[in-house]
Engineer: 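Let me begin by handing over the structure; questions about it come next.
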2 protein chains.
Amino acid sequence: MNSKDIARIAGVSRSTVSRVINNYPNVPPETKEKVLKVIREYNYVPHASARMLRGKSSKTIGLVIVDLKKNSDIHKVYDNVYFGPFTTAVIDFANQLGYNVLVITVYKARDYKKVREVFYNKTINGAIFIGVKNDDPDIKNLIEAGLKTAVIDQEIREDEDDAFNKSIIVNMDNVNGAYKATKYLINLGHTEIAHITGDMEKLSGFARLEGYKKALKEEGIPFKSSLVVKGDFVEESGYKAAYRLFKKAKPTAIFASNDQMAIGAMQALEEMGYKVPEDVSIIGFDDITISRYLKPALTTMSASLLQMAELAVENLIKSIEEEIAITAKFVVPVKLVERESCKRIEIQREKMNDEYALSMK
Amino acid sequence: MNSKDIARIAGVSRSTVSRVINNYPNVPPETKEKVLKVIREYNYVPHASARMLRGKSSKTIGLVIVDLKKNSDIHKVYDNVYFGPFTTAVIDFANQLGYNVLVITVYKARDYKKVREVFYNKTINGAIFIGVKNDDPDIKNLIEAGLKTAVIDQEIREDEDDAFNKSIIVNMDNVNGAYKATKYLINLGHTEIAHITGDMEKLSGFARLEGYKKALKEEGIPFKSSLVVKGDFVEESGYKAAYRLFKKAKPTAIFASNDQMAIGAMQALEEMGYKVPEDVSIIGFDDITISRYLKPALTTMSASLLQMAELAVENLIKSIEEEIAITAKFVVPVKLVERESCKRIEIQREKMNDEYALSMK
DNA sequence: CTGAAAGCGCTTACAG
DNA sequence: CTGAAAGCGCTTACAG
């Protein structure tokens with residue numbers, strides 16, 4: 001069944017069939033109805049490839065889920081608790097705007113070949129990237145080759161010539177979120193506050209460390225490198241980091257750069273005999289689904305994944321359809337989700353003074 | 001940049017370029033190398049639509065995530081803890097076999113239009129369906145219209161003429177899993193075992209009820225309808241079901257048809273003042289990521305989502321490429337994951353006898 | 001071993 | 001208001 005068949009059955013030319021399908025104004029209602037009747041009757045839908053070949057858009061965007069792991073070839077995006085919700089949100093928003101979503105996973109740098117393939121062969125009109133490291137050269141190349149992109153978690157640059165400046169960028173307010181998390185612990189009376197960092201190749205990794213430092217500085221609490229341990233956003237790294245941390249220090253609170261590491265750290269704390277929050281307070285970041293089910297339920301920082309997905313999809317599609325370079329940058333606010341894993345500490349330091357006590361209310 | 005340009009630059013005809021791309025044997029190595037060099041130099045990838053129009057496969061499958069909700073227009077597949085891991089697994093396996101995956105969400109029956117669209121317009125060559133109700137007429141239509149399909153969680157029928165018999169089907173061993181879960185509780189000494197059912201429009205809903213009944217029957221424990229309450233697989237329904245249940249009965253154990261409802265029920269039990277597992281044992285089904293983090297950690301039944309995804313993808317692609325109707329049916333085994341939410345009960349019934357005690361070891 | 005040519009199913013400028 | 005025709009970028013039977 002093709003447009004020729006429809007034309008023959010409806011007693012018109014293929015031109016007219018095409019005009020009806022594309023809603024041209026100059027088709028009389030009767031002709032239009034006659035053609036539509038045949039189209040409906042035969043479940044006819046124009047061949048997408050033929051249309052594209054004639055220059056119509058494929059109305060397909062790519063969603064590229066990047067999860068570059070140094071060590072393993074065991075890929076476990078399967079239970080990545082973070083990408084799932086975002087992925088579905090992207091699909092929903094795109095579908096609502098009449099776009100299909102091709103999802104592509106990237107575990108090694110060479111997997112970017114899959115993305116180049118669908119871009120150069122004109123299958124997709126644009127792509128959204130998540131899980132990327134900052135300044136990723138593979139993505140840079142794609143942007144420079146003309147792929148329309150929206151990148152999540154990428155530094156917003158001053159340099160106007162930087163390739164990423166030609167991309168839409170959607171970030172959480174990482175610095176401010178980390179700042180607020182640390183400030184929250186300080187206001188609870190903590191001064192020995194440790195930080196388990198995320199993957200420092202990612203914006204969310206180094207920006208959250210920055211927010212942590214900023215809060216300490218503002219409160220006049222000296223930064224101690226012994227209180228900062230490196231993690232890489234996965235649960236096991238939080239677990240190991242907690243052990244390393246307590247070998248060299250004795251913090252009363254921990255700010256973990258994401259919830260997964262906070263969960264790993266809580267596990268280690270339990271094994272080491274520390275109670276949360278009685279002995280050690282802990283706060284995470286991201287508010288993944290699991291966090292509210294933990295005992296104690298994890299206090300964390302939350303940004304709307306839905307909003308981020310919406311911003312990425314809508315702006316990407318706008319930039320595709322308007323054929324202009326829309327390069328907006330967005331920073332989505334982060335708010336505190338107070339649960340059970342943080343506790344006010346008894347204050348026994350000389351630092352304590354009226355003004356400080358007041359600020360804690 | 002198209003094949004004509006490449007041909008011109010390489011000094012050959014478009015025919016030869018095409019032969020090189022498609023790996024025809026009758027191209028001398030030097031010619032081939034000469035052409036490949038130009039192709040590489042210009043990042044040339046043949047236009048996917050043009051190839052398709054000439055009859056090449058699109059190498060794209062659909063993954064249709066169905067989540068039909070009666071009540072709400074708030075769609076929350078976002079945090080559906082079950083679809084996420086399966087989705088990524090499907091994408092990975094498909095990518096490995098050189099296929100792209102178009103993901104489509106269906107929240108209302110009319111959303112199936114999106115699937116029909118990409119099928120009739122030849123964008124996809126086949127599709128995998130998850131979250132479907134048993135005997136869904138919309139899917140039936142698609143199968144009958146010739147879409148190659150793999151359906152997860154669908155009854156395997158005797159009737160050879162049934163449309164679903166033309167589809168690949170991949171199920172968990174629901175009946176056996178539910179049977180084992182119930183048997184496990186019985187072996188722990190329980191006889192007052194309640195069941196919170198899943199959505200009875202789905203195979204996993206009614207098949208798990210069947211397994212529950214089977215185990216009771218085999219052990220000579222009378223089935224009591226007062227111990228069976230209806231749920232629909234979402235957390236809140238488990239929460240409500242637990243309240244309804246304890247209004248009319250006093251079970252010592254609960255088999256919830258999935259983990260999400262088990263979580264909801266645990267919440268209700270806590271509110272009602274029952275301790276798990278001291279007062280009430282509870283077992284779930286699916287082993288979602290959250291379950292291991294619960295306190296007490298949830299004992300549950302687990303099937304390999306990875307294996308299910310692999311079976312669905314590989315067989316679907318086989319059926320597409322071999323152009324024959326592969327209609328294999330698979331039942332993936334389910335195993336017990338013993339954690340902390342179930343406890344042996346003190347036995348104080350006349351029913352207790354030597355043989356029974358033995359079977360409990 | 002290689003090129004010229006037909007044709008996949010559309011859309012759209014052109015002519016009437 | 002409508003049809004005939006060109007052409008999008010490929011692939012492949014055909015001819016040599």
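Sequence lines set the chain letters: A, B, ... in the order given, protein chains first and strands last, and positions in each chain run from 1.
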Engineer: Respond yes when some side-chain nitrogen or oxygen of T31(A) is under 4.0 Å from OP1 or OP2 of dT2(D), and no when none is.
Structural biologist: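 For dT2(D), OP1 or OP2 has a side-chain N or O of T31(A) closer than 4.0 Å.
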Engineer: Would you measure the distance from the C1' atom in dT12(D) across to the matching atom in dG16(D) and give it in whole Å?
Structural biologist: 16 Å
Engineer: Consider only side-chain N and O atoms of N23(A) and K32(A), and report whether a donor and an acceptor are under 3.5 Å apart.
Structural biologist: yes
Engineer: With a 4.5 Å cut-off on side-chain heavy atoms, are F93(B) and Q96(B) touching?
Structural biologist: yes
Engineer: Measure CG/D5(A) against P/dG9(C) and give the value in whole Å, please.
Structural biologist: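 Nearest whole value for this atom pair: 9 Å.
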Engineer: Protein within reach of the bases, or only the backbone? For nucleotides 10-16 of chain D, mark each nucleotide 5' to 3' as B, S or -, using heavy atoms under 4.0 Å.
Structural biologist: BBBB---
Engineer: Using a distance-only test with no angle check, is there a side-chain donor-acceptor pair under 3.5 angstrom linking D136(A) and Y112(A)?
Structural biologist: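 Judged by distance alone, the side chains do pair up.
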Engineer: Which stems does DNA chain D form, counting runs of 3 or more consecutive Watson-Crick or G-U wobble pairs with both distances under 3.5 Å?
Structural biologist: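 When the pairs of DNA chain D are grouped into runs of at least three, the stems are C:1-3 with D:14-16, C:5-12 with D:5-12, C:14-16 with D:1-3.
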Engineer: So, N125(B) versus K59(B): side-chain donor-acceptor pair below 3.5 Å or not?
Structural biologist: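 Looking only at side-chain atoms, K59(B) and N125(B) do not form any donor-acceptor pair under 3.5 Å.
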Engineer: With side chains defined as the heavy atoms from C-beta onward, is the minimum distance between D162(B) and K140(B) less than 4.5 Å?
Structural biologist: yes
Engineer: Which whole-number value in Å describes the distance from R8(B) CZ to dG3(C) P?
Structural biologist: 15 Å
Engineer: Is the shortest side-chain heavy-atom distance between I143(B) and F164(B) below 4.5 Å?
Structural biologist: yes
Engineer: Say whether K56(A) and N22(A), considering side chains only, have a donor N or O and an acceptor N or O under 3.5 Å apart.
Structural biologist: yes
Engineer: Could you pick out which residue, P28(B) or L53(B), lies toward the 5' side of DNA chain C when each is mapped onto its nearest nucleotide?
Structural biologist: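 The residue whose closest nucleotide sits nearer the 5' end is P28(B).
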Engineer: Whether R116(B) and D138(B) form a salt bridge (side-chain N of Lys/Arg under 4.0 Å from carboxylate O of Asp/Glu) is what I want to check.
Structural biologist: yes
Engineer: In this structure, how many angstroms lie between the P atom of dG9(C) and the NZ atom of K122(B), rounded?
Structural biologist: 8 Å
